[in-house]
Structures are given as C-alpha cells and as structure tokens.
Amino acid sequence: MPTPKQRPGAIRKNKKGPLVGTGGHGRKALEGRGPTPKAEDRPYHKAHKMKKAAERRQSSGGRGPARSRGKVQEDLVTGRNSVLEALRADIPAKALHAASKIDVDDRVREILQLCAERGITILEASKGELDRLTSDAVHQGVALQVPAYEYQDAVETARKLMTQWEKRHIRRPPLVVALDGITDPRNLGAIIRSVSAFSGNAVIVPERRSVGVTASAWKTSAGAAARVPVAKAANLNRTLEELKAMGYFVVGLDGGGDVELPGLELATEPLVVVVGAEGKGLSRLVTENCDQVVSIPIDSTMESLNASMAVGITLYEVSRRRAGS
C-alpha cells in the first residue's frame, strides 16, 4: 500500500526514530530572484559599459576620460590616421597605448618609429583595456596620451607683448586674436595656424563656454600650437577693457561691420582681432567694447565665412599693411 505524501515540516518516523523534515526551507529555491534588471544595470552588459562611459565623459566636460582627479586632465588621440598625423605635427605626447596583438601595417610602423625617435613611452594594452581607456571610441589598437595644455594669463601675456614692443624686442606691434563663443577645437587649431603664419603673437580664449586646446586643436594647428601661446581670460569683456587701457585697439569681425577690411586703418597699431562663432557672430557686450567692427566683402550668395577663414583673411590684410608701413 503506498505511503501518504508527507506534509513539509512534519516529523516522520522510521525504525531508527524520528527524522526532521525541511521545515519549509525548500520553498526559498522556488521563489526566484525577482524581475530581470535592465541591460544598463547589468555590469557585464554592453549597455552598462556605455552608460558608465557617458557618465565619465559628462563628468570630464565631454573631453574624454580624465586621467586624474586633480586639475590636470589628459586627452587622447585615437585611431591610426589621427595618431600618425598628431605625431607628424609634433604634438607633445606622454605615452602611446598600443594593443598587444595589433595588426602591424605601414601606419603602425611609422607610429612606433616616431615614438622611438621622440622618446615617447610605448605601453602595451589589451583590447579591453584600450576600450576602457578610450571610453569605447574607435581606436584601431592605438591611443596617444597628450598632456593637459598649460594656459597663460591673457592680461599678463598682452602686457608682456606690449612691453617687448616698446623696448623694441619685437619689431612689429603686438597682434592678438580673441575668440568669442567658439566651441569647435578644429576652428581653434586653424586660427592658431593662421596666427603663426601671419606673425601674430597670441590667442585668447574665455574660461567658460569656449573651446580649449584639445588633441584635435593640436592636430589641426599642424604644430603651430607649440609656437603660439594660448591664454585664458576669466571674463573676455573685462580683459578687452584692460587691453584697451594698455594701448591696444580692439577690432571685431562681423558681416554687418561699419568698416570694410581693405579700409582697416588700425592695422599698424597694437591690435586685438575678435572673432565670434559662425552664425552667432559677436556678443553684444564684446561688440560694444570694439573700437571698430570690420566686415570682409564676400559674394552676396554666401551668408558668412567660417571663423578660422575670416581670421586668416584678416591677418593677411593686417600683415600686408604692416609690411608696407
């Protein structure tokens, strides 16, 4: 005759005496682990890694992963073409992170050769380590670590240039370019290149809501960032006022300017050329601080010029006038 089913937790007997039942402990195995977590909350899932990478970028101002918790931040150039161009442009670099099992082609050979010639440390890393280091950017097995740029003070730089000119240590009056609301690092790099090409002395960028000297700016400058100092202004309008008190003339570039570029008589004076972002132009307060607002004559079918192109054309005209004075 079959034995009746034993109730959980009950004591059943055999020849050797009573036996202890499960006491309900077996029910815990049947309870499950609750609802499945979202993909971004699972540490092993790609969505979680992307979420963390986005948080790191946001905490470092969108400039890529921060290598330090202090004031100094590192920037990374990633991808074989970008790294090679950066090294050819003589961008200062601290280290090259290279995949341990990288597929070596002509670009990688030249990258390794340039690093060896310049004494740049080469660090091997796994693909996973490079993914984490670059926040999952497309790195193709190489990432160049660039140190944080050391900015000068805008007012001190302008004062030093004025003193050098007054003492005839530099032949031409100081020529400085200031940026108003420009956020594209490639524009900054191209402007630095034009300043270097036409005997300019410095570039001024505001501390807030403005582009900084990133790896992209270094690369676009084609090495000119090593020769032209970039200075920061805590407040661009106050800085322009201080520079005017030193003897500088401030000229703003705007399509609706009251003076056309060929008529720029202030070109032979100590000069600050201020350029705004394409489309937005100069801010109201900066415009009020300008001694003149200059426009570049262009075809009526074009609305405006790129900021770096406008600066290049203006600096050429200033250089031409100074050469004839």
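Atoms CE and CG, on Met246 and Leu161 in that order, are 9.5 Å from each other to the nearest 0.5 Å. Remark: Ser210 OG to Leu179 CG distance equals 6.0 Å, nearest 0.5 Å. Once rounded to the nearest 0.5 Å, the distance linking CD1 of Ile102 with NE2 of His139 reads 9.5 Å. Distance check, rounded to the nearest 0.5 Å: OG of Ser283 to CG of Asn237 gives 5.5 Å.
Sorted by first and then second residue, the salt bridge (charged side-chain N to carboxylate O under 4.0 Å, His left out) pairs involving residues 169-187 (not counting sequence neighbours) are Asp184-Arg186. Within the structure, salt bridge (charged side-chain N to carboxylate O under 4.0 Å, His left out) contacts touching residues 279-295 (residues at least two apart or in different chains) are Lys244-Asp291, Arg284-Glu288. For residues 96-109, the salt bridge (charged side-chain N to carboxylate O under 4.0 Å, His left out) pairs, not counting sequence neighbours, are Arg80-Asp105, Asp105-Arg107, Asp106-Arg109. Among pairs with a residue in residues 187-209, none fulfils salt bridge (charged side-chain N to carboxylate O under 4.0 Å, His left out), at least two apart in sequence or across chains.
Legend: residues meeting side chain to side chain contact (heavy atoms under 4.5 Å, CB included) with Glu156, ordered by chain and number and at least two apart, are Asp153, Arg159. Taking the side-chain hydrogen bond (donor to acceptor under 3.5 Å, both in side chains) definition, one finds that Arg321 meets it with Glu317, sequence neighbours left out. Scanning for side chain to side chain contact (heavy atoms under 4.5 Å, CB included) contacts around Ser196 gives Ala224, Arg227, Val228, with sequence neighbours left out. Contacts of Ile313 classified as side chain to side chain contact (heavy atoms under 4.5 Å, CB included), with partners at least two apart in sequence or in another chain: Leu261, Ile296, Leu305, Met309. Residues passing the side-chain hydrogen bond (donor to acceptor under 3.5 Å, both in side chains) test with Gln164, sequence neighbours excluded: none. By the side-chain hydrogen bond (donor to acceptor under 3.5 Å, both in side chains) test, Ser82 pairs with Lys219, sequence neighbours left out. Residues forming a side chain to side chain contact (heavy atoms under 4.5 Å, CB included) with Thr121 (at least two apart in sequence, or on another chain): Ala95, Leu123. With sequence neighbours excluded, no residue forms a side-chain hydrogen bond (donor to acceptor under 3.5 Å, both in side chains) with Glu265.
Using a 4.5 Å heavy-atom threshold, the side chains of Val230 and Tyr149 count as touching. Using a 4.5 Å heavy-atom cutoff, the side chains of Gln292 and Leu266 are in contact. Counting heavy atoms from C-beta on, the side chains of Val176 and Leu271 never come closer than 4.5 Å. When side chains are defined from C-beta on, Leu76 counts as touching Gln145, because their heavy atoms get closer than 4.5 Å. Side-chain contact between Thr287 and Asp254 is absent, with no heavy atoms from C-beta onward closer than 4.5 Å.
Listed for the Ser319 side chain is no donor-acceptor partner under 3.5 Å among the backbone atoms of Leu315. Tyr151 places no side-chain N or O within 3.5 Å of a backbone atom of Pro229 that could act as its donor or acceptor partner. The closest donor-acceptor contact from the side chain of Tyr248 to the backbone of Ala158 lies under 3.5 Å. Under the 3.5 Å distance criterion, the side-chain polar atoms of Asp131 are left unmatched by any main-chain donor or acceptor of Asp136. Listed for the Tyr316 side chain is no donor-acceptor partner under 3.5 Å among the backbone atoms of Ser194. Of the possible donor and acceptor atoms, one in the side chain of Asp75 sits under 3.5 Å from a partner among the backbone N and O of Ala215. Put simply, the side chain of Arg322 gets close to the backbone of Pro173: a donor and an acceptor are under 3.5 Å apart.
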TODO: Could you check Gln152 against Thr157 for side chain to side chain donor-acceptor pair (under 3.5 Å), going step by step and ending with a plain yes or no?
DONE: CA-CA 7 Å; Gln152 298 185 14; Thr157 298; 2.9 Å; yes

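By the criterion of side-chain heavy atoms lying less than 4.5 angstrom apart, applied directly or through intervening Ile, Leu, Val, Met, Phe, Trp or Tyr residues, Leu175 is not grouped with Val155; the two fall into different hydrophobic clusters. A continuous path of hydrophobic side-chain contacts links Val142 to Leu84 [ILVMFWY only; heavy atoms under 4.5 Å].
For CZ of Arg118, the number of neighbouring non-hydrogen atoms (other residues, nucleotides, ligands) closer than 6.0 Å is greater than 12. A 6.0 Å sphere centred on CD of Glu150 holds no more than 12 heavy atoms belonging to other residues, nucleotides or ligands.
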